[in-house]
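Here is the structure we will look at.
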Amino acid sequence: VPMRDDIDREMSDRARRRYGVFSVEEVHRAGGDRWLIGRRVRSGRWERLSSRVLGIPGSPETLRRNLTAAQLHDPVALVSHTAAAALHGFILVPRPRPEVTSDYAGKQRSPVAAVHVSIDLTDDDVVEVDGLRVTSIARTAADLLTVRSRPRVERIVDDLLSGGRLTLDELAATHDRYARGGRPTTVAMREIIAERGPGWVAPGSVLEAEALGLIRAAGLPEPDRQYQLPGWGEGPALADLAWPEPRVIVELDGRRWHARDAAHQIDRERDNAVVLAGWSPFRFTAAHVRDRPGYVTTTLRRALARAAA
């Protein structure tokens with residue numbers, strides 16, 4: 001019969017490896033029973049996180065701790081939605097919450113995570129990240145449409161595509177597996193995939209994607225993206241956005257990429273080359289796009305109208 005100290009040591013070892021949590025089943029397998037668990041909880045040595053999960057008091061309540069506890073509570077569950085996005089390192093998910101997806105048979109109420117239900121998860125939808133079972137990048141991107149706005153999900157998808165972490169075929173195959181009828185999120189994902197068909201060019205940055213969203217919302221003509229910079233003779237160079245017919249160029253200056261004097265000097269040289277080639281260059285910063293969107297769209301509307309006159 002295992003000694004109680006041996007059980008305590010084994011659970012402490014498990015907790016150290018798993019963000020301070022372990023399961024009731026593991027206590028039983030080590031030789032403990034509900035009476036021992038009750039005494040440890042009453043003494044404050046352990047704490048009960050759910051009917052199936054225990055923890056060491058004082059362990060930091062991190063996202064990974066809650067997700068580990070959620071999977072110990074329901075072994076069928078997969079980390080999903082914003083939690084999966086955070087583990088995969090998606091952009092634009094600043095405040096992920098503990099979320100898991102389970103099937104109808106495995107669904108368990110969880111005090112440590114929000115539980116979504118799906119009957120169409122397959123092995124292709126499952127990967128492992130940091131010892132946790134997580135929805136794949138493609139499935140996570142598709143699932144985000146149910147909890148985040150379409151413009152935000154579009155920017156996330158564009159970043160994954162342009163970074164080579166996701167292909168359009170992978171996203172389409174994942175969508176086809178779970179798509180149902182005319183649900184709004186199903187229709188929206190079909191449109192996102194269709195818009196990124198042959199000839200589509202990924203935005204070069206998150207800022208570019210945000211600027212494109214402003215342009216479309218304002219009803220302005222769709223610009224070309226990553227356009228060969230007119231008049232530039234110092235090797236290959238691309239402008240962020242361009243309207244070739246009225247000969248208008250837009251360059252977007254993100255704080256991260258335009259902080260050095262050398263970059264400012266090159267930017268001025270690029271602008272000069274564009275002007276000499278007969279084009280009108282316009283520059284907008286991240287603050288313009290995010291804090292003064294009206295200024296951006298009004299300026300572009302006037303620029304396009306003037307050039308077309």
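The basis for the numbers below is simple: all heavy atoms, side chains too, and nothing from hydrogens, waters or symmetry mates.
With hydrogens and angles ignored, the 3.5 Å screen pairs a side-chain donor or acceptor of Thr297 with a backbone N or O of Pro293. Side-chain atoms of Trp243 come within 3.5 Å of backbone atoms of Pro221 as a donor-acceptor pair (strictly under, hydrogens ignored). Under a 3.5 Å cut-off, the side chain of Arg165 and the backbone N or O of Asp159 do not form any donor-acceptor pair. The closest donor-acceptor contact from the side chain of Ser280 to the backbone of Val248 lies at 3.5 Å or more, if one exists at all. Without hydrogens or angle criteria, Gln71 side chain to Ala77 main chain gives a donor-acceptor distance under 3.5 Å. Glu10 places no side-chain N or O within donor-acceptor distance of the main-chain N or O of Ile7, the cut-off being under 3.5 Å. His116 places no side-chain N or O within donor-acceptor distance of the main-chain N or O of His81, the cut-off being under 3.5 Å. Side chain of Arg247 to backbone of Ala277: a donor-acceptor contact under 3.5 angstrom is found. Asp103 places no side-chain N or O within 3.5 Å of a backbone atom of Ile119 that could act as its donor or acceptor partner.
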Report task. Determine, step by step, whether Ile215 and Leu241 satisfy the side-chain contact (heavy atoms from CB on, under 4.5 Å) criterion, reporting the C-alpha distance in whole Å, the side-chain angles of both residues, the deciding distance to 0.1 Å, and the verdict. Result -> CA-CA 11 Å; Ile215 289 166; Leu241 306 173; 3.7 Å; yes
Requested in this report: Take Ser102 and Asp74 through the side chain to side chain donor-acceptor pair (under 3.5 Å) test and state the conclusion after the steps.
Outcome: CA-CA 8 Å; Ser102 187; Asp74 178 7; 2.8 Å; yes
Requested in this report: Report the C-alpha separation of Arg64 and Asp130 in whole Å, then their side-chain angles, then the decisive distance to 0.1 Å, and conclude whether the salt bridge (Lys or Arg N to Asp or Glu O under 4.0 Å) test is met.
Outcome: CA-CA 9 Å; Arg64 281 173 171 78; Asp130 295 342; 2.8 Å; yes
Query raised in the report: Between Arg39 and Arg4, does a side-chain contact (heavy atoms from CB on, under 4.5 Å) hold up when you go through it step by step?
Result: CA-CA 11 Å; Arg39 287 193 295 272; Arg4 291 173 183 175; 3.1 Å; yes
Query raised in the report: So Arg270 and Val274, side-chain contact (heavy atoms from CB on, under 4.5 Å) or not? Walk me through it.
Result: CA-CA 6 Å; Arg270 287 164 62 104; Val274 168; 5.5 Å; no
Report task. Kindly indicate, with the supporting measurements, whether the criterion side-chain contact (heavy atoms from CB on, under 4.5 Å) is fulfilled by Val147 and Thr82. Result -> CA-CA 8 Å; Val147 295; Thr82 61; 4.1 Å; yes
Requested in this report: Begin with the C-alpha distance, continue with both residues' side-chain angles, and end with the deciding distance and a verdict on side chain to side chain donor-acceptor pair (under 3.5 Å) for Glu99 and Ser80.
Outcome: CA-CA 6 Å; Glu99 293 181 271; Ser80 64; 5.9 Å; no
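Summarising the geometry of Ala239 relative to Leu229, their closest heavy-atom pair is CB-CD1, 3.8 Å, with the distance given to 0.1 Å. Heavy atoms only, all atoms of each residue included: Leu36 and Val27 are closest at CD2-CG1, 4.3 Å. When all heavy atoms of Arg65 and Gly55 are compared, the closest pair comes out as NH2-CA, 4.5 Å. Minimum interatomic distance between Ala138 and Leu166 (heavy atoms only, all atoms of both residues): CB-CD1, 3.6 Å. Of all heavy-atom pairs between Phe90 and Ala141, the closest is CE2-N, 4.1 Å. When all heavy atoms of Leu63 and Pro96 are compared, the pair lying nearest together is CD2-CG, 4.1 Å.
Side chains of Pro230 and Leu276 form no contact here, defined as non-hydrogen atoms less than 4.5 Å apart. Taking the side chain as every heavy atom from C-beta outward, Arg40 and Asp8 approach each other to under 4.5 Å. A heavy-atom distance below 4.5 Å is found between the side chains of Ile156 and Arg152. Side-chain atoms of Arg48 and Ile37, non-hydrogen and from C-beta on, do get closer than 4.5 Å to each other. Val275 has its side chain within reach of Pro281: a pair of non-hydrogen atoms, C-beta onward, lies under 4.5 Å apart. For the pair Arg290/Leu207, a side-chain contact is recorded, criterion being any heavy-atom separation below 4.5 Å from C-beta on. Using a 4.5 Å heavy-atom threshold, the side chains of Val24 and Val53 count as separate. Using a 4.5 Å cut-off on side-chain heavy atoms (C-beta onward), Arg18 and Leu72 make contact.
Leu121 and Val134 sit in two unconnected hydrophobic clusters of ILVMFWY residues. Membership requires side-chain heavy atoms under 4.5 Å apart, directly or through other members. When hydrophobic clusters are built by joining Ile, Leu, Val, Met, Phe, Trp and Tyr residues whose side-chain heavy atoms come closer than 4.5 Å, directly or via intermediates, Val126 is not grouped with Val76. Connection of Val129 to Val100 is established within a shared hydrophobic cluster, with ILVMFWY side chains joined at heavy-atom distances below 4.5 Å, either directly or through further cluster members. At a threshold of 4.5 Å between side-chain heavy atoms, the hydrophobic network of Ile, Leu, Val, Met, Phe, Trp and Tyr places Leu238 and Trp232 in two separate groups. Each of Leu78 and Leu132 belongs to its own hydrophobic cluster when Ile, Leu, Val, Met, Phe, Trp and Tyr are linked at side-chain heavy-atom distances under 4.5 angstrom.
Surrounding CZ of Arg302 are at most 12 heavy atoms belonging to other residues, nucleotides or ligands under 6.0 Å away. Taking a 6.0 Å sphere around CD of Glu61, one finds it holds 12 or fewer heavy atoms contributed by other residues, nucleotides or ligands.
In this structure, CD1 in Ile137 is found 11.5 Å from CG in Leu87, a value given to the nearest 0.5 Å. Interatomic distance, CG of Leu54 versus CZ of Arg14, reported as 12.5 Å (0.5 Å rounding). For the atom pair Leu92 CG and Ser149 OG, the distance stands at 9.0 Å (nearest 0.5 Å). A distance of 9.0 Å separates OG1 in Thr285 from CZ in Arg292, rounded to the nearest 0.5 Å. Expressed to the nearest 0.5 Å, how far CG of Asn66 lies from CG of Leu49 amounts to 8.0 Å. To the nearest 0.5 angstrom, Met11 atom CE is 10.5 Å from Asp6 atom CG.
A salt bridge does not link Arg155 with Asp158: every distance from a Lys NZ or Arg NE/NH1/NH2 to an Asp or Glu carboxylate oxygen is 4.0 Å or more. Electrostatic pairing of Arg133 and Glu128 does not count as a salt bridge here, judged by no charged N lying under 4.0 Å from a carboxylate O. Salt-bridge check for Glu195 with Arg150: passed, with a basic side-chain N closer than 4.0 Å to an acidic carboxylate O. In summary, Glu25 and Arg52 do not engage in a salt bridge, as defined by a charged side-chain N under 4.0 Å from a carboxylate O. Salt-bridge check for Asp143 with Arg139: passed, with a basic side-chain N closer than 4.0 Å to an acidic carboxylate O. Ion pairing between Arg196 and Glu154 holds under the 4.0 Å rule for side-chain N and carboxylate O. Using a 4.0 Å cut-off between a side-chain N of Lys or Arg and a carboxylate O of Asp or Glu, Asp125 and Arg177 qualify as a salt bridge. Classification of Arg283 and Asp267 as a salt-bridged pair holds, one side-chain N sitting under 4.0 Å from a carboxylate O. For the pair Glu208 and Arg225, the salt-bridge criterion is not met [side-chain N within less than 4.0 Å of a carboxylate O].
For Trp279 and Tyr227, the ring centers are positioned less than 6.0 Å apart.
Take Tyr19 and apply the ring-ring contact (aromatic ring centres under 6.0 Å, His included) test, not counting sequence neighbours, and it matches no residue.
A side-chain N or O of Ser118 and one of Asp120 form a donor-acceptor pair less than 3.5 Å apart. Ser12 and Arg17 form no side-chain donor-acceptor contact under 3.5 Å, judged by distance and modelled atom types alone.
Aromatic ring pairs are classed by plane angle as parallel below 30°, tilted from 30° to 60° and perpendicular above 60°; the pair His288 and Phe284 is perpendicular.
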